[in-house]
Protein chains: 2
Amino acid sequence: MPSDNGLNLGLLLFIPYRAMETRVFAALAAAGFDDFTPAQARVFQRIGPGGNRLTELAEQAQITKQSAGFLVDQLERAGYVERVPDPTDARARLIRIAERGARAVPLAAAAVAEVEAEWTALLGDDRTDTLRDILTELRAHTDPWAE
Amino acid sequence: MPSDNGLNLGLLLFIPYRAMETRVFAALAAAGFDDFTPAQARVFQRIGPGGNRLTELAEQAQITKQSAGFLVDQLERAGYVERVPDPTDARARLIRIAERGARAVPLAAAAVAEVEAEWTALLGDDRTDTLRDILTELRAHTDPWAE
DNA sequence: AAAGTTAGTCAGAGGCTCTGACTAAAGACA
DNA sequence: TGTCTTTAGTCAGAGCCTCTGACTAACTTT
């Protein structure tokens, strides 16, 4: 599906995304956080400071709540997240980052920062800022979850 | 894994990528090409004009050759690709786009173009060009397959 | 000619995601 | 209040995807 000018933007977006994911994974695995999968991480990544309901995580990750539940079960068993009752709704529970998860987060953030720094060294400050701006703008258009 | 300035670049790249993929899928499904999966498409997408060996497709898609073989089997059964002997190596076969696949390609390209046009309308010509330039530069750094 | 490498397949296991059906709690409303 | 509808989440089952390990056949190197 080429465009008139090189690869299509979809694939062009995917390639660095994949590179980032691989790097963050490798960094976490090297630090002993090797007992989770990419699919679990994609859910984990969406958990906000106050916790989220399963349905929210499912919608944001664009998977069914059954799939999200399956992944959260595993994250919970591995100690990355915990489920606590939602005080405002007895049907729901909030999924929160648990102790082991909280230890992984700064390592992941550091790995992200490292990759971003590499990219900035390559592109320069201005173009990196521009990239972030453009992607943020695109997000507002393509992601119903943009704040 | 937030950065100091909004979402991390990984997620920011992923969101529009996903949007593009979803749109292309929907367009193909609407035209009757609904008998293939995202995983199959990610392999199909890498097939070049002269065909490719299974191992090449596997490496580019970053999956094992067993997985690639599994997906190509299905694409072949559905008529999207065909395997022909590689004249230069009797062990290998070239995977080429077959008749049904060839009919899908222009539809996919049109869907990509439509989404890119939407994005251009949003961002403007200059910023779209800039985005493509930056991503192409990033690709050279993150993708061993960059030509 | 022998040894090592490469292309691809077979077999088996486990992980991911889906659809459909279900329970329980919440919200709407007469 | 009591009923109806919606929403949060789970259970069950099926199919798809991906991996590791082991293997065959053909090519390359020595």
Side-chain angles (χ1 to χ4, degrees), chain A residues 14 18 21-22 25-26 29 33-48 50-78 80-96 144, chain B residues 14 18 21-22 25-26 29 33-48 50-78 80-96 144:
Chain A
F14 180 73
R18 172 81 151 240
E21 191 180 66
T22 301
F25 247 72
F33 295 102
D34 57 356
D35 55 345
F36 65 94
T37 65
Q40 289 164 30
R42 285 191 279 268
V43 168
F44 182 85
Q45 189 177 198
R46 312 279 180 152
I47 302 174
N52 293 83
R53 295 186 183 178
L54 185 64
T55 304
E56 290 172 343
L57 296 179
E59 285 174 346
Q60 290 180 36
Q62 297 186 50
I63 56 179
T64 61
K65 53 190 178 171
Q66 291 92 323
S67 296
F70 177 85
L71 297 169
V72 168
D73 283 348
Q74 297 173 86
L75 286 167
E76 190 176 25
R77 240 177 281 124
Y80 287 104
V81 307
E82 60 192 356
R83 295 194 231 224
V84 299
D86 183 333
T88 71
D89 190 333
R91 293 169 304 178
R93 281 184 289 171
L94 292 175
I95 292 145
R96 289 198 314 207
Chain B
F14 180 72
R18 172 81 152 243
E21 190 180 68
T22 302
F25 248 73
F33 295 102
D34 56 356
D35 55 345
F36 65 94
T37 66
Q40 289 164 32
R42 285 192 279 267
V43 169
F44 182 85
Q45 190 177 200
R46 311 280 181 152
I47 302 175
N52 292 83
R53 295 186 182 179
L54 185 63
T55 304
E56 289 172 345
L57 295 179
E59 284 174 347
Q60 289 180 37
Q62 298 187 48
I63 56 179
T64 60
K65 54 189 180 173
Q66 292 92 324
S67 297
F70 177 85
L71 297 168
V72 167
D73 283 348
Q74 297 174 84
L75 286 167
E76 189 176 25
R77 240 177 281 125
Y80 287 104
V81 307
E82 60 191 357
R83 294 194 233 224
V84 299
D86 182 333
T88 72
D89 189 333
R91 293 169 302 177
R93 281 183 290 170
L94 292 175
I95 293 145
R96 289 198 314 206

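Each chain gets a letter, A, B and so on, in the order the sequences are listed, and its residues count up from 1. These numbers come from the heavy atoms of this one structure, side chains and all, not from hydrogens, waters or symmetry mates. The structure displayed is predicted, hence computed values, not measured ones.
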Residue list, salt bridge (charged side-chain N to carboxylate O under 4.0 Å, His left out) with A:D89, at least two apart or on another chain | A:R53, A:R91

Is any side-chain nitrogen or oxygen of A:Q74 closer than 4.0 Å to OP1 or OP2 of C:dC16?
-> yes

Report the residues that fulfil salt bridge (charged side-chain N to carboxylate O under 4.0 Å, His left out) with A:R96, sequence neighbours left out, ordered by chain and then residue number.
-> A:E82

Integer-rounded Å distance: C:dA7 P and B:D86 CG = 10 Å

How would you list, by chain and number, every residue that makes a side-chain contact (heavy atoms from CB on, under 4.5 Å) with A:A78, sequence neighbours excluded?
-> A:D35, A:Y80

Whole angstrom value for the distance that separates P of D:dA8 from CD of A:Q60 = 13 Å

Please round to 10 degrees the angle between the axis of the first five pairs and the axis of the last five pairs in the helix from C:dA1-D:dT30 to C:dA30-D:dT1.
-> 30°

For atom CG of B:L71 and atom C1' of D:dC17, their distance in whole Å | 7 Å

Across all chains, not counting sequence neighbours, the salt bridge (charged side-chain N to carboxylate O under 4.0 Å, His left out) partners of B:R18 are none

So, is A:T64 near the phosphate of C:dC18, with a side-chain N or O under 4.0 Å from OP1 or OP2?
-> yes

Check: protein-nucleotides 8-12 of chain C nitrogen or oxygen pairs below 3.5 Å:
unit_1	atom_1	unit_2	atom_2	d
C:dG8	OP1	B:R93	N	3.1
C:dG8	OP1	B:R93	O	3.1
C:dG8	OP2	B:L54	N	3.3
C:dG8	OP2	B:T55	N	2.9
C:dG8	OP2	B:T55	OG1	2.8
C:dG8	N7	B:K65	NZ	2.4
C:dG8	O6	B:K65	NZ	3.4
C:dT9	OP1	B:R93	NH2	2.6

Can you name the salt bridge (charged side-chain N to carboxylate O under 4.0 Å, His left out) partners of A:R93, sequence neighbours left out?
-> none

For D:dC17, does OP1 or OP2 lie under 4.0 Å from any side-chain N or O of B:S67?
-> no

With respect to the side chain of B:F70, which nucleotide from C:dA7, D:dC17, C:dT17 is positioned closest?
-> D:dC17

Partner set under side-chain hydrogen bond (donor to acceptor under 3.5 Å, both in side chains) for A:Q66, not counting sequence neighbours = none

Starting at atom CD1 of A:I63, determine the distance to atom P of C:dG15, rounded to an integer number of angstrom.
-> 16 Å

So do B:V43 and B:I95 actually touch side chain to side chain, heavy atoms under 4.5 Å?
-> no

Side-chain touch A:I47/A:N52, heavy atoms, less than 4.5 angstrom | yes

Got a sec, which residues hit side-chain contact (heavy atoms from CB on, under 4.5 Å) with A:E21, two or more places apart in sequence or on another chain?
-> A:Y17, A:F25, A:R42

Which whole-number value in Å describes the distance from A:R42 CZ to D:dC17 C1'?
-> 12 Å

Nearest-nucleotide 5' precedence on DNA chain C, B:D89 against A:T37 = B:D89

